[in-house]
Number of protein chains: 2
Amino acid sequence: MTETVDLLMDAAESAMRQRGYHAVSFRELADDVGIKSASVHYYFPQKEDLGLALVRRYSAQFFADLEVRSARAVTPADLIAAFCDTYRQALIQADKICLCGMLGAETCGLPLELSTAVAEFFDANIDWVSKALPKGTKSSVRRAKAEQIVATLQGALMLATSLRNHKVFDRAAKAMTLDMAL
Amino acid sequence: MTETVDLLMDAAESAMRQRGYHAVSFRELADDVGIKSASVHYYFPQKEDLGLALVRRYSAQFFADLEVRSARAVTPADLIAAFCDTYRQALIQADKICLCGMLGAETCGLPLELSTAVAEFFDANIDWVSKALPKGTKSSVRRAKAEQIVATLQGALMLATSLRNHKVFDRAAKAMTLDMAL
DNA sequence: ACATATCTACCTATTGATAGATAGATATCA
DNA sequence: TGATATCTATCTATCAATAGGTAGATATGT
């Protein structure tokens, strides 16, 4: 039996990934779960608390998925492919962009602690990719390439959602990996 | 003397590019311009009308800028560089992401006509880049590469804003063009 | 006199948030 | 064991603030 708090977070993540932080209300989430909006404040005193919990859960889940997908990868090409697949899963399974992609766009309108948590997700993304790239490459180049990869995947999620065509993501990701020639 | 409607659109574009569609109110825009919120409805009966006007103006301005920047470009490399520069300007001059990048992320929470206008901006972006790429390349490959380029630039705007570091955009764009080897 | 632009005043709906109550489970201790 | 106390999860009711939007008066300039 799923706990109320989990149902609330599921509803909130789904809504925020579709419409953004400011377009999600406590009442809507309460209705989704079948409780009153005041009860949502029992779990998340303020909206920012909910946002933080969501980003932390999302980030943990993302890196857990990434570990699974990259477990048997050894070459840089395989590791980057695993990273792209983890992003792809976010789009295909949920038909939504990345939670942090949405909140990252809204950065300037978010409470500071929340936008910081989102930035940390991206830092961790870039770090992971940077370490996956060929060891011989200069670290500043690896960093730039990692930023390029994360940017491309985030942008591709947004673009595919706006154009309502998942293939846009697949083509952009494929074109990127072909260019990279790892 | 700048017209009220232009001041309103400037304030609205700035606010929406920072915080998103739903975090912008008529009252706030009215205050910025020094009129009452009811008067905003004189120019934009509904919020959707404002959003549409903003996207149309933004798109027109973007392609006008792009024409200027690409006027003397002939090689694919120069044309793509002009495209990247036009994106870069959006970030550097205004310290904000692209209006359509923000609204594209919020697609599922927007009135249909508005999300359609945003998608048309991206279609036009992809078309332009596709035509700028080397003529010899197969058109399906050009399309995929164009989607990759637009995705990378949009993602890089978001990433640089979230990480509060413009150099992230520059490095990602540079890494992309180096990979492309046009 | 007319069109343009802005105002005052208001409406209804919704927002995030709080106060205080309650029923039932759980822990503590004589 | 039984009484007392505390905790968990929810409720009802309400708040001040803000949202988008409207009607109708008023000013301004041709």
Side-chain angles (χ1 to χ4, degrees), chain A residues 1-55 57 99 102-103 106-115 117, chain B residues 1-55 57 99 102-103 106-115 117:
Chain A
M1 169 81 183
T2 314
E3 299 291 338
T4 301
V5 64
D6 296 320
L7 294 173
L8 275 174
M9 289 178 73
D10 292 344
E13 181 185 313
S14 171
M16 274 190 203
R17 286 172 66 184
Q18 286 187 75
R19 309 192 304 270
Y21 183 80
H22 297 285
V24 173
S25 77
F26 277 46
R27 274 169 185 78
E28 166 204 349
L29 303 178
D31 285 348
D32 286 349
V33 170
I35 60 176
K36 296 293 166 181
S37 79
S39 305
V40 180
H41 288 274
Y42 173 75
Y43 299 100
F44 307 103
Q46 308 211 68
K47 197 176 182 181
E48 178 175 3
D49 300 313
L50 170 60
L52 278 168
L54 288 179
V55 169
R57 185 182 74 161
L99 175 67
M102 176 67 85
L103 299 182
E106 293 177 299
T107 290
C108 303
L110 299 180
L112 186 60
E113 217 182 322
L114 183 52
S115 61
Chain B
M1 168 83 184
T2 314
E3 299 290 339
T4 301
V5 64
D6 295 321
L7 294 173
L8 275 173
M9 289 178 73
D10 292 345
E13 182 185 312
S14 171
M16 273 191 203
R17 286 171 67 182
Q18 285 186 78
R19 311 192 305 271
Y21 183 81
H22 297 285
V24 174
S25 76
F26 277 44
R27 275 172 184 74
E28 167 205 349
L29 302 178
D31 284 349
D32 286 348
V33 170
I35 60 176
K36 296 294 166 179
S37 79
S39 305
V40 180
H41 288 275
Y42 173 75
Y43 298 99
F44 307 104
Q46 307 208 68
K47 195 176 184 181
E48 178 176 359
D49 300 315
L50 170 60
L52 279 169
L54 289 178
V55 169
R57 185 182 74 160
L99 175 67
M102 176 66 85
L103 299 183
E106 293 178 299
T107 290
C108 304
L110 299 180
L112 186 60
E113 216 181 324
L114 183 52
S115 61

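Chain A is the first sequence line, chain B the second, and so forth, proteins listed ahead of strands; every chain is numbered from 1.
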Exercise. Which part of the nucleic acid, if any, lies within reach of B:V40 when heavy atoms closer than 4.0 Å are counted: base, sugar-phosphate only, or nothing?
Worked result: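 Answer is nothing: B:V40 stays at 4.0 Å or more from every strand.
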Exercise. Dot-bracket for DNA chain D, 5' to 3', counting Watson-Crick or G-U wobble pairs under 3.5 Å, with [ ] for crossing pairs and | for inter-strand pairs?
Worked result: ||||||||||||||||||||||||||||||
Is any side-chain heavy atom of [X] closer than 4.5 Å to a side-chain heavy atom of [Y]?
X	Y	result
A:L29	A:L50	yes
A:L8	A:I35	yes
B:D10	B:R57	yes

Exercise. How would you give the extent of chain A contacts on DNA chain D, as first and last nucleotide 5' to 3' within a 4.0 Å heavy-atom cut-off?
Worked result: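 From 5' to 3', the first and last contacting nucleotides are D:dT8 to D:dT14.
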Exercise. Residues in salt bridge (Lys or Arg N to Asp or Glu O under 4.0 Å) with A:E28, at least two apart?
Worked result: A:R19
Problem set entry | side-chain N/O B:K36 vs C:dC7 OP1/OP2, d < 4.0 Å | no
Exercise. Just to confirm, is there a sub-4.0 Å distance from OP1 or OP2 of C:dA17 to any side-chain nitrogen or oxygen of A:Q46?
Worked result: yes
Protein-nucleotides 12-14 of chain C N/O pairs closer than 3.5 Å?
none

Problem set entry | Those residues of residues 9-23 of chain B lying under 4.0 Å from DNA chain D by at least one heavy atom | none
For this session: Write out all pairs satisfying ring-ring contact (aromatic ring centres under 6.0 Å, His included) with one or both partners inside residues 26-51 of chain A, taking only residues at least two apart or from two chains.
Result: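 For residues 26-51 of chain A: A:F26-A:H41.
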Exercise. In whole angstroms, how far is the P atom of C:dA19 from the OH atom of A:Y42?
Worked result: 17 Å
